Structure formats: structure tokens, C-alpha cells
Peer 1: 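Structure incoming, see below.
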Amino acid sequence: MLVKNISQELKSEVSKRNWFSYWKHFKTNKEVYCSEINCLDKAEFGALVKKSSLDDESIFVIGLCTCHGKNIDQTHNHTIDLSPDAELINFNLTL
């Protein structure tokens, strides 16, 4: 599944770590790996994304490793291909 980063304003290290904490809090899987399909590194950042399909406007939080977290906007069309096991957490849940 392709997703696109939607948060240009929330690119600070603090916001990435805050979204990562949010993602870890709500995810059901104990594993904390990067959501990118070919990556086996531990996730350290959170990112706000939406699915690339035009018919879904939902916003989700995913976990990404340091490399993918810093470079998501430098990928082709600013998209990232997610692992089938990646957990997308709805961004508007209450802590």
C-alpha cells in the first residue's frame, strides 16, 4: 500500500517522536519495526500519512526508522510503500 506524508509543518524531531509515542501506544503488534515494505530497522519516528488512493481522506500515523523518517519527502512522488504488516493508526484517537 502506498501512502503519502501529509505533514510538512510537523517535521521537527520533537513532533516525530511525539507521533511515534502515539503510534506505539495504540498499536496492537509488539514489534516496533519500520513500516516501509523492505526495511528491517527499528522504528524511531512517527509520521502522519494518508493513503495514495484519492477516495480515502483518512489520516494515519505510522512508525518509521531514522532513515525513512528523515527522507520520506525525498522519495518518488513523496510516497512510501508499506509492509502488509504495517499498522496504520488513526490520528484522531484519544490518549
Side-chain angles (χ1 to χ4, degrees):
M1 167 189 336
L2 287 175
V3 295
K4 188 172 198 170
N5 185 22
I6 62 155
S7 177
Q8 297 302 322
E9 297 83 34
L10 299 173
K11 292 172 83 171
S12 72
E13 296 299 309
V14 172
S15 66
K16 288 179 186 179
R17 294 203 186 279
N18 287 341
W19 283 117
F20 178 64
S21 294
Y22 177 93
W23 178 73
K24 281 193 340 184
H25 178 79
F26 286 109
K27 67 192 291 320
T28 58
N29 188 343
K30 290 183 180 183
E31 302 298 327
V32 188
Y33 291 104
C34 182
S35 298
E36 200 274 337
I37 194 166
N38 294 311
C39 188
L40 298 175
D41 293 336
K42 293 276 186 180
E44 297 182 22
F45 292 117
L48 290 174
V49 298
K50 67 179 178 177
K51 295 177 184 175
S52 291
S53 62
L54 298 176
D55 58 338
D56 190 350
E57 292 296 317
S58 301
I59 299 172
F60 301 96
V61 180
I62 60 170
L64 296 172
C65 66
T66 301
C67 180
H68 288 110
K70 291 184 177 184
N71 296 310
I72 190 170
D73 289 326
Q74 297 173 4
T75 59
H76 179 68
N77 292 327
H78 304 285
T79 60
I80 191 165
D81 196 7
L82 298 185
S83 164
D85 299 330
E87 286 195 61
L88 284 79
I89 307 298
N90 203 315
F91 90 107
N92 62 354
L93 300 175
T94 303
L95 288 172

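These numbers come from a predicted model, not from an experiment.
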Peer 1: For Asp85, check side-chain contact (heavy atoms from CB on, under 4.5 Å) against everything at least two apart and list the hits.
Peer 2: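 Residues passing side-chain contact (heavy atoms from CB on, under 4.5 Å) with Asp85: Ser83.
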Peer 1: Whether the side chain of Tyr22 engages the backbone of Ile89 through a donor-acceptor N/O pair (distance < 3.5 Å, no angle test) should be reported.
Peer 2: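 The answer is no, because no donor-acceptor pair under 3.5 Å joins these two groups.
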Peer 1: So Lys51 and Phe60, do their side chains get closer than 4.5 Å, heavy atoms only?
Peer 2: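 Counting from C-beta outward, Phe60 and Lys51 do come under 4.5 Å.
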Peer 1: What about Val61 and Ile59, same hydrophobic cluster or not, with Ile/Leu/Val/Met/Phe/Trp/Tyr joined at side-chain heavy-atom distances under 4.5 Å?
Peer 2: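 Yes, Val61 and Ile59 fall within the same hydrophobic cluster.
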Peer 1: Any chain of hydrophobic side-chain contacts (each under 4.5 Å) joining Ile37 to Ile62?
Peer 2: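 In one cluster with Ile37: Ile62, no.
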Peer 1: Any non-hydrogen side-chain atom of Leu82 less than 4.5 Å from a side-chain atom of Val49?
Peer 2: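 SC-SC contact between Leu82 and Val49 ruled out.
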Peer 1: Which pairs pass side chain to side chain donor-acceptor pair (under 3.5 Å) with one or both residues in residues 33-50, sequence neighbours excluded?
Peer 2: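 Matches after skipping sequence neighbours: Glu44-Thr66, Lys50-Glu57.
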Peer 1: Would you check if the side chain of Lys16 reaches a backbone N or O of Gly69 as a donor-acceptor pair within less than 3.5 Å?
Peer 2: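 A pair under 3.5 Å: yes.
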Peer 1: Are any of the side-chain heavy atoms of Trp23 and Leu64 separated by less than 4.5 Å?
Peer 2: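 No - every pair of side-chain heavy atoms lies 4.5 Å or more apart.
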Peer 1: Mind checking side-chain contact (heavy atoms from CB on, under 4.5 Å) for Asn92 and listing every partner two or more places apart, or none if nothing turns up?
Peer 2: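 If we apply the side-chain contact (heavy atoms from CB on, under 4.5 Å) test to Asn92, skipping adjacent residues, the hits are Asn90.
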Peer 1: Following the transitive rule for hydrophobic clusters with a side-chain heavy-atom cut-off under 4.5 Å over Ile, Leu, Val, Met, Phe, Trp and Tyr, establish whether Leu48 and Val14 coincide in one cluster.
Peer 2: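 The answer is no; the residues belong to distinct hydrophobic clusters.
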Peer 1: For His25 and Leu93, run side chain to side chain contact (heavy atoms under 4.5 Å, CB included): C-alpha distance rounded to whole Å, both residues' side-chain angles, the deciding distance at 0.1 Å, then the answer.
Peer 2: CA-CA 11 Å; His25 178 79; Leu93 300 175; over 6 Å; no
Peer 1: Measure across Lys24 and Lys27 and return the closest heavy-atom pair with its distance rounded to 0.1 Å.
Peer 2: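 For Lys24 versus Lys27, the nearest heavy atoms are O-CG, 3.5 Å.
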Peer 1: Quick check on the hydrophobic clustering: are Leu40 and Phe20 connected, directly or via other members, by side-chain heavy-atom contacts under 4.5 Å?
Peer 2: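 Different hydrophobic clusters.
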Peer 1: Between atom CD1 of Ile80 and atom SG of Cys34, what is the distance when rounded to the nearest 0.5 Å?
Peer 2: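 Answer for the CD1-SG pair, Ile80 versus Cys34, is 5.5 Å.
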